Amino acid sequence: MRPKLLLLSLFLIISINIRAQEKPIPKHELDISFHKFSKKIEDTYPYKFYYLDEWIDGIKITKDYSGKSVSEALTSILAGNNINFYFMYDYAIVLMKDPTNDILREKFLQNIDTIETVVIGSPGQSSQTNVTLKGKIMEESSGEPLAGATIFIVDLNKGTSSNTSGNYEFNIPTGDYIFAYSAINQETEYRLIKIFEDGRLDIELHEKPLVMDEITVSDDAIDENFESNITGKTRIGYQELQKNPTLMGEIDVIKSIQKLPGVSNVGDIGAGFNVRGGSAGENLILLDKMMVFNPTHLFGFFSAFHPDALQDVTLYRGTIPAEMGGRLSSVLDVRQKDGDFTNISGSGGIGLATSRLLLEGPIIKDKLSFMTGIRVSYSDWLLNQVKNDDIKNSSASFADFTGKLSYKINQKNKLSLSSYWSNDKFNFFNDTTYQWSNKSIGLTFDHIYNENFFSETVATYGKYEYNVEETSLLSSFNWNYNIQFARFSHKFILEKNKHTFSAGVDLTGYELSNGEIEPLSEESNVTNYKLQASRTLESAVFISDEYRVNSKLIITPGLRWSHYFLFGPQDTYIYEDGVPKTDLSIIDTIQVNRNETAATFQGLEPRLSVKYNLGKQAYLKLGYSRSWQYLHLISNTTAVTPTDVWVASSKNISPEYGDQYSLGYFKRIPIKNLDLSIEGFYKNINDIPEYKDGADLILNEHLETELVNSKGRVYGVELLAIKTAGRLTGQFSYTYSRTQRKTLTPYKDLQINGGSFFPANYDRPHNLNISASYDVSKRHVLSFNFTYSDGIPLTVPQTVFTVDGINVINYSDRNKERIPSYHRLDVSFLVRTSHKKNKKWEGSWVFGIFNIYGRKNAYSVFFEPKSNGNVDAKRLAILGTFFPSITYNFKF
Amino acid sequence: MKPLFFTILVLICCASCVDKIDLDLSKERLLVVDGMITDQPGPYLIRLYYTSSDTTRSENVANANVTISDNQGNSEQLTYAGNGYYRTATDGIRGEVGRSYKLSFNLEDGQRYESAMEKIMPNVGIDSLYFDYLVKKVTNHNNVALDEPGFDVNIVSNVLGDNKQYRWRWTGVYYVKTNPELRTKKNPDGSVVPDPIPCSGYVYEGGFLVQVAPCECCECWLTEYSQNSLVSEGKFVSDRFQDVFATHIKVDKRRFIEKYYIEVEQLSLTQDALNFWKLIATQQQGTGTIFAPPPATIRGNIQALDNEDELVLGYFGASSIKTKSIFIYRSDIEGVAPLPEVIIRDCRTLPNASNVRPDFW
């Protein structure tokens with residue numbers, strides 16, 4: 001070994017660089033090693049070389065440098081080896097290997113499974129400096145040679161491809177290199193080749209397992225989120241969605257977005273989610289642009305979206321683009337894929353409680369394709385096993401259907417037709433059946449005028465409804481509630497110089513039935529009762545511009561002007577001034593006829609996003625948005641239940657509007673594959689219709705008498721770290737946020753908590769989510785997910801009193817305490833079955849365990865008065881044990 | 001396959017569960033008013049007390065001036081009867097349908113309180129009571145499924161008039177036979193000898209049990225009361241209330257030795273009273289399920305006149321009461337009726353027991 005102090009001397013190089021008096025190279029033999037060559041120089045002159053032997057392995061002196069200067073000779077000899085040299089203290093010649101390549105290689109190696117080392121020849125045995133590597137590339141299962149396969153030397157950034165008989169050849173200097181062998185539909189193979197003499201290396205490539213890697217067109221969603229010009233936008237691609245462990249082994253859109261910072265829920269079940277302190281009714285959920293009112297099945301156990309049909313989901317939780325509106329907190333845009341335009345294929349899955357199937361393929365090749373999926377549940381047996389009498393005698397089932405036709409009319413026009421249908425049925429104690437359904441159909445037309453000018457036209461129609469049916473003969477009834485909606489939007493996008501303009505119109509008409517109850521038999525004692533329907537129109541025009549001011553600054557201002565109309569026939573009640581609104585304080589009724597307007601509101605919705613490039617892969621992003629919401633979800637239950645009612649704004653119920661301000665810092669550390677961000681936000685929401693204590697919301701003609709106008713404020717900070725590549729990927733997200741409400745009524749009886757700010761029902765200050773996915777091998781993926789959040793607020797008993805012999809609990813102020821905190825660890829293990837033998841069928845197993853340490857997370861805490869005047873606190877845990885699942889997924 | 005399948009089932013069985021947790025709850029001292037006037041003969045009782053930080057002992061209010069008055073200018077001052085109770089005179093005020101009543105009182109320290117005016121709404125009465133024998137499947141604390149036989153008692157009201165606001169409460173009476181003479185005791189030497197309870201009329205003399213007097217505590221009638229707020233869901237009902245489920249009476253080793261008497265009272269309510277009882281009903285049934293509304297403060301109809309911020313709990317009600325009663329006999333039990341248990345104790349020490357045979361028995 002040569003002196004090791006050269007490492008130490010590295011530090012001195014920069015400061016001291018004294019040129020030695022350059023001497024000419026003495027006479028030397030050819031084809032000698034660098035070691036011999038340097039020795040010769042050291043022997044002739046008072047020079048001393050410092051280097052590591054491994055650096056100069058394989059370097060041969062092939063030319064005669066006699067008489068040339070030392071620096072000239074060394075420059076020539078060391079060229080292409082990434083080695084630099086320096087003179088020090090008049091006598092020392094220090095060789096320095098540039099670490100860039102090593103770091104690159106290190107990083108590259110992190111991203112691949114395993115690497116096999118191949119040694120060809122041995123160092124010093126041969127005098128060759130340049131060697132030839134030959135070989136043949138074959139398909140492993142068939143043994144056929146692969147033509148056109150790519151062979152790439154990572155270290156030299158040099159590549160070639162195999163010829164028709166699968167042969168390849170390289171001429172390279174001796175040394176060690178990482179080779180990547182790849183071909184279409186084949187898994188890329190890597191070799192670390194240490195080559196010292198001419199040699200041969202044949203490679204067999206394995207066909208790719210299609211199930212999981214089908215979208216190899218790399219979905220750069222994570223990159224896109226980082227680079228996004230607007231704040232609070234997150235797109236999740238299909239592959240990312242697949243990495244999350246789920247309760248039943250199926251991709252679950254709603255559960256996946258709940259892992260993002262700023263998104264939370266109220267517990268193990270519940271149909272909605274909360275975005276940055278917004279209520280569940282403040283989310284606009286779109287499936288191929290069709291509105292979805294209930295995004296889950298079975299109270300949230302399953303998401304309503306067919307897992308195999310998904311292309312990606314995008315959640316806008318910060319500044320919502322001007323083209324979208326109607327909800328205050330977020331837009332969840334779920335897109336389904338187009339059917340395959342060339343081949344017929346299918347996929348599906350069989351699980352413990354559900355099964356699904358999807359078929360896709362061309363109707364006219366490369367022109368018209370279809371995609372259709374169904375999913376059915378058979379979860380009744382699960383319920384029947386539960387030793388709870390109420391649940392045991394209950395039944396639950398759901399089914400959904402999704403379909404899409406895509407028609408590429410020509411290069412410039414594309415038409416797609418989507419349809420979605422879902423049905424849920426839940427039977428409580430045998431007598432009462434709850435049933436709800438989404439039905440919708442949508443048409444999208446994309447047109448390209450020229451390469452800078454596009455348009456998108458969307459027309460959708462849908463109906464959301466639920467029925468509560470009681471079948472016992474003497475009191476049978478059916479209670480129906482439904483919302484019909486029709487939406488039309490047209491948008492132009494124009495890219496010009498530094499601008500991307502978009503502008504258009506967005507019209508949505510609603511008809512809310514508000515509810516009807518009718519007897520189902522003649523014997524029934526129920527009377528027919530029907531509330532007046534509300535017919536409304538929300539119209540909006542919008543314009544926005546993504547303006548690249550310079551290389552550092554992008555600003556995206558936008559403006560949406562929304563207008564709301566409530567049409568007759570409509571009875572508007574006039575309430576007495578100066579007293580709380582009750583049934584008894586109605587003093588007049590204004591009747592508005594058909595085609596007249598009963599109420600109208602309008603609002604400007606400015607939106608602004610600013611992205612400033614701080615350099616070194618860091619951005620500062622800033623956002624402001626104002627939104628108006630004219631349709632309110634009124635719920636007095638903790639979780640959103642399917643039977644909650646949506647009501648239209650009217651003279652007695654004002655539309656809600658809110659502002660959001662956000663500021664974020666985004667940083668990427670490429671060498672570690674890390675994306676980091678911190679984002680703070682503040683929101684205020686006005687005119688929230690908060691329900692009164694003990695409100696009666698069912699079929700209530702005077703719903704406004706049950707509501708109290710209140711305002712809300714939300715603030716928080718979100719931290720996110722994502723490891724984007726490597727065998728281990730994952731994300732860490734933490735959110736601190738507070739969501740508070742305050743009633744604005746002057747009447748003491750209506751005030752909640754004396755008119756001061758109180759936590760909203762879903763206020764959970766600390767939220768932590770860690771998920772990770774580790775590729776154990778090509779076919780085995782292990783995923784973890786850990787969740788922690790503070791318990792939801794709780795109203796607690798203060799005293800027990802007795803009236804007429806009955807014990808009654810008197811409760812404290814609303815939401816004064818909290819239920820115990822929630823945490824849970826889930827694990828899932830994906831096993832792809834062999835993909836070698838049978839090409840026609842690709843299968844995979846997903847083994848999952850939900851809540852692995854079986855924490856009894858409280859869904860709710862409730863109280864029962866005891867006869868001695870004490871109160872028992874009891875906790876209801878919905879999934880209070882570890883919950884295994886097995887799903888078999890397939891593709892053909 | 002089977003063991004795995006079974007394991008999964010077992011896991012799911014305990015997946016959804018309810019258990020007790022410890023929670024530290026603060027207590028508050030609040031005034032409670034409990035009482036009502038009805039169209040039935042008096043005297044009526046009004047109770048005033050404070051909830052106490054020690055929940056097992058409430059603090060009764062004595063020395064208050066309590067008055068019930070109606071909208072016709074009649075009023076009566078109540079007299080203190082101990083334990084926080086104030087009562088009207090036996091031949092005093094009596095509620096009449098259509099009139100409105102108000103409770104007012106002031107405490108020793110001069111604080112004045114008043115209820116809202118409560119009108120006695122008409123009451124159409126109960127058409128009939130009927131019962132169904134059924135065996136419920138219940139799960140005990142150890143998650144073992146058990147059969148629980150019993151009778152569901154249902155109410156059918158008369159054809160409704162304008163008023164659809166009611167609540168129902170019930171009283172059940174059953175007969176219990178005990179054997180106090182069978183008590184034994186252990187002598188210091190370890191031998192067990194009869195030791196009849198004196199009220200049995202038996203004595204142990206010279207190695208024999210001898211009856212020297214009639215038994216005073218062998219036959220009792222036990223009374224039980226409804227513990228739930230049962231209100232009409234009248235909004236969408238026409239004609240009459242059908243199948244209003246009053247209660248489920250368990251068939252066990254004590255009840256149905258002979259027969260079971262149940263009396264149901266139907267009370268007419270004002271809108272405010274209905275809301276009050278409805279909130280209590282919601283509090284009792286709704287908790288813990290996913291459809292449960294969050295708990296709410298249940299406000300009564302009593303106002304503190306001198307301090308509008310003071311929360312007064314409870315309700316002063318005014319109702320018309322109509323009753324109906326039936327007997328359910330041992331022979332109504334389908335299948336084998338459980339054998340009565342031998343109870344060796346003074347029957348008068350059982351809860352709500354009396355050794356006086358009721359008139360209707």
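Convention: sequence-line order gives letters A, B, ...; per-chain numbering from 1. On a predicted model such as this, the values are computed, not experimentally measured, just so you know.
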Participant: Please say whether more than 12 non-hydrogen atoms of neighbouring residues, nucleotides or ligands are located less than 6.0 Å from CD in B/E224.
Facilitator: yes
Participant: Do A/D804 and B/R167 come within less than 4.5 Å of each other through their side chains, counting heavy atoms only?
Facilitator: yes
Participant: Against chain B, label A/F477 side chain, backbone, both or neither, depending on which of its atoms sit under 4.5 Å from a heavy atom there.
Facilitator: neither
Participant: When you look at NZ of A/K692, are more than 12 heavy atoms from neighbouring residues, nucleotides or ligands closer to it than 6.0 Å?
Facilitator: yes
Participant: Are there over 12 heavy-atom neighbours, none belonging to B/D309, within less than 6.0 Å of that residue's CG?
Facilitator: yes
Participant: In terms of heavy-atom pairs under 4.5 Å, which option from B/Y225, B/Y315, B/Y49 contacts chain A the most?
Facilitator: B/Y49
Participant: Is any side-chain heavy atom of A/V803 closer than 4.5 Å to one of B/I280?
Facilitator: yes
Participant: Counting only heavy atoms closer than 4.5 Å, note whether A/I809 contacts chain B via side chain, backbone, both or neither.
Facilitator: both
Participant: With A/E690, which residues qualify under salt bridge (charged side-chain N to carboxylate O under 4.0 Å, His left out), at least two apart?
Facilitator: A/R741, A/R814
Participant: Side chains of A/N810 and B/I298: does their closest heavy-atom pair fall under 4.5 Å?
Facilitator: no
Participant: Measuring only between side-chain heavy atoms, which start at C-beta, is A/I806 closer than 4.5 Å to B/Q284?
Facilitator: yes
Participant: Heavy atoms only, distances under 4.5 angstrom: which of B/G317, B/S226, B/G314 has the most pairs with chain A? Name it, please.
Facilitator: B/G314
Participant: Tell me, side chain or backbone of B/N275 under 4.5 Å from chain A's heavy atoms, or both, or neither?
Facilitator: neither
Participant: Tell me, for B/D239 versus chain A, whether the close heavy atoms (under 4.5 Å) come from the side chain, the backbone, both or neither.
Facilitator: neither
Participant: With only heavy atoms counted, which part of B/R47 is less than 4.5 Å from chain A, the side chain, the backbone, both or neither?
Facilitator: neither
Participant: So which part of A/T802 gets closer than 4.5 Å to some heavy atom of chain B, the side chain, the backbone, both or neither?
Facilitator: both
Participant: Can you find a heavy atom in the side chain of A/F801 that is under 4.5 Å from one in the side chain of B/L30?
Facilitator: no
